[in-house]
> 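After the structure tokens below, expect a handful of questions from me.
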Amino acid sequence: FPGTGTGTVLFSLEFAYDSSARKTTATNENGDQIVYLFNDEGNLTDHYIVKNGKVAEYSKYSYNAFGDSSVSIARSDLLNRYTPANFNFDAGSIETSTLNAFNKKVTTTKTIYPADTSAVTSETAYTYDDYLRCIKMETITSFYGVRALLQRKEKTVTEYSKYRPFLSVCSS
């Protein structure tokens with residue numbers, strides 16, 4: 001408690017910064033890290049989380065000439081097998097989203113690679129109203145068998161017509 005000299009620290013982080021004052025790492029008391037990498041223009045290009053010395057999540061960011069960004073995120077229990085030095089971004093599952101100028105998702109592609117060499121890919125397109133509320137999500141899911149042979153496709157369309165104030169169902 002303040003002024004008493006007693007209390008328990010529940011969580012602590014140590015931060016490191018580069019010469020341009022950009023945060024490059026955040027490390028907790030267990031040695032787990034969040035690492036941030038930047039390009040020459042100062043844009044975030046990679047962000048990954050290391051737990052117990054293994055990559056637990058990895059995000060790659062890219063930018064076009066207009067400053068629009070997209071992000072690819074790899075998440076999977078499979079990732080926990082790799083150290084940052086030998087990490088393969090294509091292991092496990094990959095999600096790539098393209099964002100508009102308002103940082104809202106325009107498209108998302110997610111591919112899951114199960115251990116049996118099959119794959120499932122879903123591609124979602126988002127439509128927003130003038131208040132930047134998601135009014136439509138259209139998803140096409142493709143199921144692939146071994147040797148990448150397409151087995152079937154499914155299409156799902158979700159439309160939203162009523163909102164409570166300040167509510168958006170398509171999160172970014």
Side-chain angles (χ1 to χ4, degrees), residues 11 13 15 17-18 20-26 28 32-51 55-80 87-114 118-145 148-172:
F11 188 82
L13 287 174
F15 299 100
Y17 297 86
D18 65 13
S20 297
R22 295 179 296 231
K23 185 176 6 178
T24 56
T25 60
N28 70 13
D32 297 337
Q33 286 190 318
I34 302 172
V35 179
Y36 306 89
L37 304 174
F38 300 89
N39 63 15
D40 292 339
E41 288 81 36
N43 296 316
L44 180 66
T45 57
D46 298 78
H47 161 257
Y48 60 92
I49 299 170
V50 179
K51 292 185 178 185
V55 176
E57 180 174 319
Y58 200 111
S59 302
K60 283 182 161 294
Y61 300 84
S62 58
Y63 305 87
N64 66 18
F66 302 105
D68 298 330
S69 63
S70 65
V71 60
S72 298
I73 302 172
R75 293 184 189 105
S76 172
D77 290 338
L78 296 174
L79 300 180
N80 293 317
F87 174 72
N88 176 3
F89 190 77
D90 295 325
S93 66
I94 296 177
E95 180 178 316
T96 302
S97 296
T98 303
L99 309 176
N100 65 17
F102 301 102
N103 218 25
K104 296 286 189 178
K105 291 180 182 177
V106 177
T107 60
T108 298
T109 302
K110 183 172 185 175
T111 304
I112 300 170
Y113 301 98
S118 60
V120 177
T121 299
S122 64
E123 300 175 60
T124 303
Y126 303 89
T127 305
Y128 299 90
D129 66 10
D130 292 338
Y131 298 102
L132 299 177
R133 298 177 299 195
C134 185
I135 57 174
K136 184 178 180 181
M137 293 188 307
E138 189 169 330
T139 302
I140 297 175
T141 304
S142 303
F143 299 88
Y144 296 90
L149 298 174
L150 179 64
Q151 293 181 334
R152 71 177 195 278
K153 280 189 174 191
E154 297 176 0
K155 182 176 181 178
T156 305
V157 177
T158 307
E159 295 192 47
Y160 303 96
S161 59
K162 293 185 179 183
Y163 280 94
R164 286 185 250 160
F166 308 108
L167 178 67
S168 179
V169 294
C170 299
S171 61
S172 56

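The chain is numbered in sequence order, starting from 1.
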> Once rounded to the nearest 0.5 Å, what's the spacing between atom CD of E159 and atom CD1 of I135?
7.5 Å
> Pick out which of I49, T25, L13 makes a side-chain contact (heavy atoms from CB on, under 4.5 Å) with I34.
I49
> Taking all non-hydrogen atoms of both residues, which atom of D129 and which atom of Y131 are closest, and how far apart?
OD1-N, 2.8 Å
> Under a 3.5 Å threshold, yes or no: a donor from one side chain and an acceptor from the other, between S122 and T141?
no
> Would you give the length of the straight line joining atom OG1 of T45 to atom OH of Y36, rounded to the nearest 0.5 angstrom?
13.0 Å
> Could you tell me which non-hydrogen atom of L44 sits nearest to which non-hydrogen atom of L37, and how far apart they are?
CD1-O, 3.4 Å
> Taking all non-hydrogen atoms of both residues, which atom of D32 and which atom of K51 are closest, and how far apart?
OD1-CA, 3.4 Å
> If I compare all heavy atoms of K153 with all of S142, which pair ends up nearest, and what's the gap?
CE-OG, 3.3 Å
> Can you find a heavy atom in the side chain of Y128 that is under 4.5 Å from one in the side chain of K105?
yes
> Distance check, rounded to the nearest 0.5 Å: E123 atom CD versus T109 atom OG1?
4.5 Å
> Which atom names give the shortest non-hydrogen contact between F38 and K23, and what distance separates them?
CE1-O, 3.4 Å
> Quick check: do T156 and T158 have side-chain heavy atoms less than 4.5 Å from each other?
yes
